[in-house]
Visitor: 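My questions all concern the structure below.
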Amino acid sequence: RKNHIFNWLNTIIDNPEQVKVMLLNAEGLSYKEILPETNYESEAACRNALVKGKKKIATYLQNNPKTAEILKKLLKNQ
């Protein structure tokens, strides 16, 4: 399942390192803990990657309301 989520996010974000930061952050890791798992050189760069990734997802969902609705339903049932 994690692989599927990674691939879906990477289709939208088109940057595997940003996706990696997002998923590790979602698992509760700090930027300091995420840093060695990525190619970023600082915690600030990791934080920036997370923000950029979130913006790309938000834009995608605004442009694809049907997908946004499906995602809302999936998250509601968790």
Side-chain angles (χ1 to χ4, degrees):
R1 179 178 171 155
K2 188 175 179 178
N3 237 5
H4 183 71
I5 293 170
F6 180 92
N7 291 334
W8 184 79
L9 287 172
N10 195 44
T11 300
I12 296 166
I13 296 174
D14 197 30
N15 184 325
E17 287 297 300
Q18 285 180 350
V19 174
K20 189 184 294 186
V21 169
M22 292 187 76
L23 292 176
L24 291 172
N25 180 263
E27 290 179 11
L29 274 67
S30 69
Y31 295 117
K32 186 175 183 175
E33 294 168 313
I34 293 170
L35 192 57
E37 304 294 324
T38 68
N39 294 329
Y40 294 110
E41 296 183 12
S42 68
E43 291 176 46
C46 284
R47 195 170 30 257
N48 190 37
L50 181 69
V51 169
K52 286 182 178 181
K54 286 182 176 182
K55 284 181 181 180
K56 289 177 185 177
I57 291 171
T59 299
Y60 175 84
L61 293 174
Q62 287 175 344
N63 294 334
N64 297 276
K66 288 184 181 181
T67 301
E69 196 58 39
I70 291 169
L71 188 57
K72 284 179 190 175
K73 287 179 184 177
L74 285 172
L75 291 173
K76 193 176 183 180
N77 290 330
Q78 273 193 334

Visitor: Short question: side chain of Asn25, backbone of Val21 - any donor-acceptor pair under 3.5 Å?
Guide: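 Not at all, since once roles are kept as given, no pair shorter than 3.5 Å links the two residues.
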Visitor: Identify every side-chain donor-acceptor pair in residues 3-11 under 3.5 Å, counting partners at least two apart or on other chains, and give the distances.
Guide:
from, atom 1, to, atom 2, distance (Å)
Asn7, ND2, Asn3, O, 3.3
Asn10, OD1, Asn15, N, 3.1
Thr11, OG1, Asn7, O, 2.9

Visitor: Determine whether Val51 and Leu35 fall in the same hydrophobic cluster, where Ile, Leu, Val, Met, Phe, Trp and Tyr are linked whenever their side-chain heavy atoms lie under 4.5 Å apart.
Guide: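 No, no single cluster joins them.
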Visitor: Can you tell me how far apart SG (Cys46) and CD (Gln18) are? Round to the nearest 0.5 Å.
Guide: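 The SG atom of Cys46 sits 11.0 Å away from the CD atom of Gln18.
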Visitor: If I take atom CG from residue Leu71 and atom CG from residue Asn64, how far apart are they, to the nearest 0.5 angstrom?
Guide: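 CG of Asn64 is found 11.5 Å from CG of Leu71.
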Visitor: As an exercise, state the distance from CD1 of Ile12 to OG1 of Thr67, rounded to the nearest 0.5 Å.
Guide: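 One gets 7.5 Å once the value is rounded to the nearest 0.5 Å.
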Visitor: Taking atom OG1 of Thr59 and atom CD1 of Ile13, what is their separation to the nearest 0.5 Å?
Guide: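 It is 11.0 Å, given to the nearest 0.5 Å.
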Visitor: Which residue pairs pass the side chain to side chain donor-acceptor pair (under 3.5 Å) test with at least one member in residues 27-55, sequence neighbours excluded?
Guide: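 Sorted result for residues 27-55: Lys2-Glu27, Ser30-Glu33.
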Visitor: Who pairs with Lys66 by salt bridge (charged side-chain N to carboxylate O under 4.0 Å, His left out), at least two apart in sequence or on another chain?
Guide: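 Checked Lys66 against salt bridge (charged side-chain N to carboxylate O under 4.0 Å, His left out); zero matches.
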